[in-house]
Asks: 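Handing you this structure, nothing more for now.
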Amino acid sequence: MDNLIEIKNLTFFRGERMIFDNMSLDVPRGKVTAIMGPSGTGKTTLLRIIGGQLKPDDGVVLVNGKDLCQMSHDELQAFRRNLGMLFQSSALFTDLSVFENVAFPMRVHTNLSEELIRDLVLMKLNAVGLRGARDLAPSELSGGMARRVALARAIALDPDLMMYDEPFTGQDPIAMGMLVDLIRQLNGALGITSLLVSHDIHETVSIADQIYIIAEGKVIGAGSPEELRAGSTPMVKQFMHGDRDGPVPFHYPADDLAFDLLGEG
Amino acid sequence: MSDLLRSIGVRFLDFLSALGRASLLWYRAMAGLPRWGDVALVVKQIYNVGFMSLIIIVLSAFSIGAVLSLQFYTQLARFGAQDATGVGLALVLLRELGPVVTALLFAGRAGSALTAEIGLMKTTEQLSIMEMMGVDPLRRIIAPRIWAGLISLPLLTAIFSMVAVYGGVVVAVNWLGADPGGFWSGMQDGVELWEDLGKGMVKSLVFALLVTWVAVFQGYDAPPTAEGMSMATTQTVVISSVLVLATDFLLTLVFYGDF
């Protein structure tokens, strides 16, 4: 099977608002798949659906060919153990040091010896350039550093699937380059399947094998970075070039401005 | 009128749904036996909610014991019954004031802290990422805190009653000059193991359950905003205090009511 995750005809509502409208997409095994789209199109929601935290209103999410919603509690936990997730808000455990944060998944899921855990944690922290920060508390880290610690924690158990939610936001250029390399490396050296949600076009294009652009609940463009850059439809073209004017709306749905300002009377 | 009825109805439904969510939280956190690996987590929480509440418990206990003893002694002395100070003090503390005041202090000191801690963990997505790691936050975060509350509050209640009696002794015997023999023997004769100490401890256990349950639920259910958090911590103290007082009346009725 060459797709680790297949999403078929996904429909999802948040209250009255439709987030996904009969959307389908595949995440091929061993590749870097990127999901791009304007803010508020439900990219994060999609990651939470794949992680099993939100239930789709309709459609199926297949993981290794198994329906996520039909999984037993134990099967879901087993899947999640092989899942690395990087949240937009690092979500470090504030009562634990940097070292203990990275060690956490190892401590709860494995019986490794203390020395082995120490070595593994230091290696993971070294990979994100924060071996020296091991004794700091999460509150002592900058936002960008916290994100990198969270990344080290996410890869602590060498997951099969890594999901990144906006990994580049708030990173300085050096850290950004390091992150791009790291994501690529994890993918190449360990064969990790990566799913990346981002709207940093430049970085995303540089590492993704396959890109989906979603807007208004639908996939509006899919393909390799080159294919998308060629820009088939106006919507894709607008997004890839970051134009303000085009079919993708910049404004949250609202009444006509003049109408709004003049009041309803 | 119909607006009033509607708002009462809405509030009632809100209450029912909160009760449902709270029950579900309890069930999902506490179902199944605790595992050995959880012992360390429970011990850490006993330190946080129990040990850290000791200072306020001891200080309050001493002063409440001292005041009670002063009142008892001066009133009883008018009838020449100052020897009954000891037994009066012990009964009031073991049956009522020990469990109730400790539970109220516990709600203010530990309950609100639990709510704020869990609420912030949820707001900062720490619970969510834990779930994504395949670790159930209800069993890892909520359950040890509930156990710690159930273990700590009865112990704190016992400490409260002991310190309060000591405060009473300091005032009645050492200061006002009551006869220590009468004080202690009255207490020994008048206090029964199950009737007074046992039932008081049962009360304390019930209060522990109520206060910790309210505290963790309020934290877990708090909207992830600043207002939501401040509301939730306030609610914890208000709701659990009211529950403790109301339940105390019911339990006293059941335990000591003469039907």
Side-chain angles (χ1 to χ4, degrees), chain A residues 44-45 47-54 68 71-96 100-111 138-139 143 146-147 149-151 153-157 159-165 195, chain B residues 17 24-25 27-32 34-49 51-52 110 113-145 148 216 219-220 223-226 229:
Chain A
T44 304
T45 307
L47 295 189
R48 288 190 188 269
I49 289 175
I50 295 175
Q53 282 189 324
L54 296 173
L68 196 66
M71 280 188 185
S72 69
H73 183 260
D74 289 345
E75 282 177 312
L76 183 62
Q77 296 301 75
F79 162 60
R80 283 172 171 168
R81 247 161 256 180
N82 286 316
L83 172 73
M85 169 91 192
L86 182 65
F87 278 164
Q88 218 166 333
S89 69
S90 325
L92 294 178
F93 303 129
T94 39
D95 56 335
L96 301 177
E100 284 301 321
N101 261 283
V102 181
F104 181 85
M106 304 180 192
R107 291 197 199 285
V108 290
H109 287 317
T110 70
N111 290 318
S139 56
R147 191 87 54 84
V149 173
L151 177 58
R153 182 180 62 180
I155 59 174
L157 292 177
D160 296 336
L161 171 67
M162 267 302 299
M163 301 205 286
Y164 306 90
D165 192 355
L195 181 59
Chain B
S17 107
L24 206 60
L25 174 79
Y27 170 74
R28 283 166 52 202
M30 303 301 276
R35 282 155 300 185
W36 271 115
D38 298 342
V39 171
L41 296 174
V42 175
V43 170
K44 190 176 169 200
Q45 290 312 318
I46 290 179
Y47 175 81
N48 280 342
V49 300
F51 184 77
M52 297 303 276
L114 278 182
T115 303
E117 188 189 21
I118 292 171
L120 261 179
M121 279 185 171
K122 193 183 164 203
T123 308
T124 54
E125 297 188 304
Q126 294 180 47
L127 300 183
S128 185
I129 192 81
M130 209 173 255
E131 190 174 55
M132 280 283 198
M133 285 177 183
V135 179
D136 187 350
L138 293 175
R139 306 216 51 150
R140 176 98 194 169
I141 300 293
I142 306 290
R145 284 165 172 76
V216 295
Y220 194 74
T225 58
M229 295 293 303

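On a predicted model such as this, the values are computed, not experimentally measured, just so you know. A, B, ... follow the sequence lines: proteins, then strands. Residue 1 opens every chain. These numbers come from the heavy atoms of this one structure, side chains and all, not from hydrogens, waters or symmetry mates.
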Asks: Under 4.5 Å from any heavy atom of chain B, what part of A:F79 do you find: side chain, backbone, both or neither?
Replies: neither
Asks: What residue in A:Q53, A:R81, A:M85, A:M163 has the most heavy-atom pairs under 4.5 Å with chain B?
Replies: A:Q53
Asks: For the residue pair A:R48 and B:S128, confirm or rule out a side-chain donor-acceptor distance under 3.5 Å.
Replies: yes
Asks: Work out which heavy atom in A:Y164 is nearest to a heavy atom in A:L151; give both atom names and the distance.
Replies: CE2-CD1, 3.6 Å
Asks: Against chain B, label A:L47 side chain, backbone, both or neither, depending on which of its atoms sit under 4.5 Å from a heavy atom there.
Replies: backbone
Asks: Ignoring hydrogens, what is the shortest heavy-atom contact between A:F104 and A:L96? Give both atom names and the distance.
Replies: CD1-CD1, 4.1 Å
Asks: Which bit of B:K122 comes within less than 4.5 Å of chain A, counting heavy atoms only: side chain, backbone, both or neither?
Replies: neither
Asks: Could you tell me which portion of A:L92 (side chain, backbone, both or neither) has an atom closer than 4.5 angstrom to a non-hydrogen atom of chain B?
Replies: backbone
Asks: For A:N101 and A:F93, work out which heavy atoms get closest and say how close.
Replies: OD1-N, 2.8 Å
Asks: Would you name the heavy atoms of B:Q45 and B:R145 that are closest together and state the gap between them?
Replies: NE2-NH2, 3.3 Å
